[in-house]
Protein chains: 2
Amino acid sequence: MSRTESRGTGFIPVSPPTLADVAERAGVSRQTVSNAVNNPDLLRPGTLERVREAIEEMGYSPNRAARNLRTRSSQLIGLRVLPAQEGTANAMMDRFVHTLVDTSAEAGYHVLLFAGDNDDPVGGYDHLLRATAVDAFVVTDTYLGNPQAAWLTEQRAPFVAFGRPWDQPQATHPWVDVDGAAGTRLATEHLIEKGHTRIAWIGWRKDSPIGEDRRAGWLGAMHDAGHPTTGLASRVEDTVQSGAEAAAVLLDESAPTAFVCASDTLAMGVLHTLWIRQLAPGRDIAVVGFDDSQVAQVFPVGLTSVRQPLEDVAVAIVRALESLLGHVHEPNPGVLLTPTLAVRESS
Amino acid sequence: MSRTESRGTGFIPVSPPTLADVAERAGVSRQTVSNAVNNPDLLRPGTLERVREAIEEMGYSPNRAARNLRTRSSQLIGLRVLPAQEGTANAMMDRFVHTLVDTSAEAGYHVLLFAGDNDDPVGGYDHLLRATAVDAFVVTDTYLGNPQAAWLTEQRAPFVAFGRPWDQPQATHPWVDVDGAAGTRLATEHLIEKGHTRIAWIGWRKDSPIGEDRRAGWLGAMHDAGHPTTGLASRVEDTVQSGAEAAAVLLDESAPTAFVCASDTLAMGVLHTLWIRQLAPGRDIAVVGFDDSQVAQVFPVGLTSVRQPLEDVAVAIVRALESLLGHVHEPNPGVLLTPTLAVRESS
DNA sequence: GCTGGCTCCTTGATCGTTCCAATCCACCGG
DNA sequence: CCGGTGGATTGGAACGATCAAGGAGCCAGC
């Protein structure tokens with residue numbers, strides 16, 4: 001009963017060969033072909049060879065849906081995408097997603113994107129979970145008060161977070177994060193080494209633990225070096241405009257010679273103010289941003305910026321996912337990676 | 001035979017309810033529940049109500065794998081992601097992908113990302129196709145000589161291309177593209193309106209049909225206005241450095257008062273040269289870029305840029321996919337959309 | 001009263017794979 | 001010669017949904 005023959009009639013697309021087709025051709029049973037694919041060690045070398053030839057000749061690939069149904073797994077990892085933010089410098093997700101896709105592929109997984117909805121933060125997760133459409137999630141927006149991590153834990157859904165559980169220190173889910181404080185410390189120490197003593201900080205509002213973390217790096221480095229910090233810190237919204245205004249105020253009131261910013265967006269604001277005041281970035285005033293965005297890279301006066309090791313983050317996340325899905329209990333659920341500093345002309 | 005009871009023992013995660021579970025609870029057959037989900041019109045209102053209640057109470061969602069197996073479709077759309085390019089201004093894929101995910105979701109599809117490999121341009125496609133892991137593809141990198149479109153056509157795989165089949169005018173696959181020439185024409189006419197007559201062009205090498213298309217828009221607008229173009233065009237690599245050098249040469253030799261560029265990356269190069277020469281963008285020399293990247297948006301002197309309607313592109317692509325997968329024959333396979341101009345201080 | 005047609009619902013088969021238990025076979029020691 | 005052993009292979013069942021037929025039940029019409 002050759003199925004390809006009975007089906008391959010004219011325009012109707014020929015359906016791909018199945019296990020049974022391959023089995024018939026190789027003169028073995030379905031299960032043997034299945035084993036050849038999944039547990040080659042179980043076959044005698046000769047048989048394996050024969051089956052492999054048949055697979056090759058027929059261009060066989062196991063049907064995903066059937067395998068998923070039987071094994072109750074989809075080999076898919078869900079990643080929620082948020083609305084693209086216009087007017088900010090940050091397009092780092094590109095880098096992260098690409099490595100995530102690459103690394104997942106090596107581990108035998110694909111990445112499934114689904115839409116996020118701020119009104120219903122767990123809706124998308126719920127649907128995919130109940131339909132067993134994905135095996136696990138990667139959660140990237142672990143901002144304060146985000147219910148996703150708690151909800152997923154409650155549902156016993158496997159997931160790995162990009163970002164520490166700031167507001168839930170008792171959380172036990174695996175996470176991977178970048179040590180923001182280490183990044184800003186790196187930036188500040190770099191500036192101190194260049195001879196700066198009055199280094200200002202422009203960061204986010206106090207309710208952002210990520211922002212406070214980054215601020216702590218600047219503060220720590222300044223304290224360690226014995227430099228003053230009073231009047232040198234500012235906390236604003238993450239927009240170019242806010243950064244520009246904060247820089248203007250700081251320049252007027254505290255005469256800093258360098259700026260460390262919580263984001264490239266804010267740094268662009270600083271550069272804007274310098275531009276207006278005819279101050280040359282790097283020569284007159286040093287500026288360091290955060291995220292090493294494309295903006296930092298192509299800006300005429302290259303912007304020195306803290307670069308998150310997003311590739312390493314993605315790799316660590318996939319590792320965590322693997323041990324999670326392989327039912328290997330990982331004793332230490334948290335991974336903290338250290339960023340680097342991309343030094344350019346602005347410092 | 002209550003399955004949830006027999007399974008929900010202690011730590012073992014309770015498997016989601018199945019069609020049969022819901023059917024038992026609602027006192028109907030499996031098929032009736034299936035119809036309640038997929039063809040509600042077939043049920044009597046009372047029955048439908050009853051089944052819906054059962055579905056609601058049990059939190060039932062159809063198992064994706066089972067449905068996929070039976071219907072021979074995955075409700076997944078494959079999108080190949082390319083390595084993130086560093087040092088260029090362009091992160092427009094973010095915007096595109098997000099809308100694609102949103103629009104696909106409305107049409108009942110999810111987006112599956114898979115890794116691209118330059119050595120094996122069709123490898124990823126081939127695997128997913130043979131495993132019937134996706135229903136269709138969105139092909140974004142339709143550069144010259146790219147074998148994917150032809151290969152997919154040959155395999156009778158459903159796909160929609162973002163980008164015209166430049167080198168294969170006889171291709172019949174559906175595609176959606178942005179009219180680059182219209183964009184640069186818009187940019188050039190905008191500058192002409194501002195009183196400029198010596199408007200220079202900085203574009204890509206001649207072997208890029210997209211680049212030549214964009215160049216044609218500038219050329220056409222200049223001709224129509226009766227302005228000279230000789231010595232005002234330059235073709236270079238798509239890097240900041242090349243853009244800067246080209247701008248320097250053009251300024252020295254042809255004294256343009258404005259630049260239209262094939263990309264924001266090149267425009268950044270122009271701005272670099274202006275910066276060095278102490279020329280103020282927008283006041284002394286006008287500059288227009290292409291893509292409305294984040295760089296254009298956050299640059300201190302906002303960069304006027306041609307903005308591709310990526311949201312509309314994504315919507316059109318999903319429409320095309322729908323009619324493709326619904327076996328509706330679309331007589332006109334090509335959709336050409338017109339970009340807009342995001343005017344900022346640089347012009 | 002029987003038929004035909006309609007609406008509403010049910011039953012058995014099927015999609016292509018992997019799990020499970022059984023079978024086959026060669027080899028070995030007693 | 002027989003039972004035990006263990007590796008290689010097999011056939012049936014199951015995963016959970018939809019498809020394709022096939023009933024009930026009801027009503028109109030002759």
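Just so it is clear: chains get the letters A, B, ... in the order the sequence lines come, proteins before strands, and each one is counted from 1. As a basis for the values below, the full set of heavy atoms in this structure was taken, side chains included, without hydrogen atoms, waters or symmetry mates.
To the nearest 0.5 angstrom, B/His127 atom NE2 is 5.0 Å from A/Ser61 atom OG. Atom-to-atom distance recorded for A/Arg80:CZ and A/Phe114:CZ is 6.5 Å, nearest 0.5 angstrom. Rounding to the nearest 0.5 Å gives a distance of 10.0 Å between CG of A/Leu76 and CZ of B/Arg64.
Mapping A/Ala65 and B/Thr32 onto DNA chain C by nearest heavy atom places B/Thr32 at the nucleotide closer to the 5' end.
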- Item | Test log, rule side-chain contact (heavy atoms from CB on, under 4.5 Å), inputs A/Asp120 and A/Tyr125 | CA-CA 10 Å; A/Asp120 182 11; A/Tyr125 292 97; over 6 Å; no

- Message: Could you walk me through whether A/Asp135 and A/Ser74 satisfy the side chain to side chain donor-acceptor pair (under 3.5 Å) test, starting with their C-alpha distance in whole Å, then the side-chain angles of each, then the deciding distance to 0.1 Å, before giving a yes or no?
- Response: CA-CA 6 Å; A/Asp135 290 348; A/Ser74 63; 3.1 Å; yes

- Task: Output, in order, the C-alpha distance, side-chain angles, deciding distance and verdict of side-chain contact (heavy atoms from CB on, under 4.5 Å) for B/Tyr109 and B/Val134.
- Result: CA-CA 10 Å; B/Tyr109 288 88; B/Val134 300; over 6 Å; no

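Remark: P of D/dG11 and CD of A/Glu24 are 13 Å apart, rounded to the nearest angstrom. Rounded to a whole Å, the CZ atom of B/Arg67 is 10 Å from the P atom of D/dC19. With rounding to whole Å, A/Arg130 atom CZ is found 16 Å from D/dG16 atom C1'. The nearest whole Å value for the distance from the CG atom in A/Asn68 to the C1' atom in C/dC15 is 13 Å. Summarising the geometry, the separation between CG on A/Leu19 and C1' on D/dT10 is reported as 14 Å, rounded to the nearest angstrom. Between the CD atom of B/Gln75 and the P atom of D/dA17 there is a distance of 15 Å, rounded to whole Å.
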Can you check nucleotides 21-24 of chain C for protein contacts, nitrogen or oxygen pairs under 3.5 Å, and list what you find?
none

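Counting atom types as modelled, B/Arg64 pairs no side-chain N or O with a base atom of D/dG16 as donor and acceptor under 3.5 Å. For B/Arg30 against C/dG12, a side-chain-to-base donor-acceptor contact under 3.5 Å is present. You won't find any donor-acceptor pair under 3.5 Å spanning the side chain of A/Arg70 and the base of C/dT17, going by distance alone.
Taking every heavy atom of residues 35-52 of chain B and every atom of DNA chain D, pairs under 4.0 Å involve B/Asn38, by number.
Each end of the helix from C/dG1-D/dC30 to C/dG30-D/dC1 gets its own axis, taken as the rotation carrying the C1' atoms of four end pairs onto the next four within a five-pair window, and the two axes meet at 60° to the nearest 10 degrees.
The side chain of B/Arg72 contributes an N or O atom lying less than 4.0 Å from OP1 or OP2 of C/dG16. Under 4.0 angstrom from either OP1 or OP2 of D/dT18 there lies at least one side-chain N or O belonging to B/Ser34.
A salt bridge does not link B/Arg25 to B/Asp21: none of the charged nitrogens lies less than 4.0 Å from a carboxylate oxygen.
The residue B/Thr71 sits close only to the backbone: its heavy atoms come under 4.0 Å of sugar-phosphate atoms, none of a base.
Judged purely by atom type and a 3.5 angstrom limit, B/Thr71 uses its side chain to pair as donor or acceptor with the backbone of B/Arg67.
Considering only heavy atoms from C-beta on, B/Phe162 comes within 4.5 Å of B/Asp177 through its side chain.
Between the side chains of B/Asn35 and B/Arg30, no donor N or O sits under 3.5 Å from an acceptor N or O.
Heavy atoms only, all atoms of each residue included: A/Glu311 and A/Thr99 are closest at CG-OG1, 3.4 Å.
Checking each of B/Leu128, B/Leu321, B/Leu112 against B/Phe137 for a side chain to side chain contact (heavy atoms under 4.5 Å, CB included) leaves exactly one that passes, namely B/Leu128.
Here the side chain of A/Leu69 is nearest to one of C/dC9, D/dC15, D/dT18, namely D/dC15. Here the nucleotide nearest the side chain of A/Thr18, chosen from C/dT10, C/dT17, D/dG16, is C/dT17.
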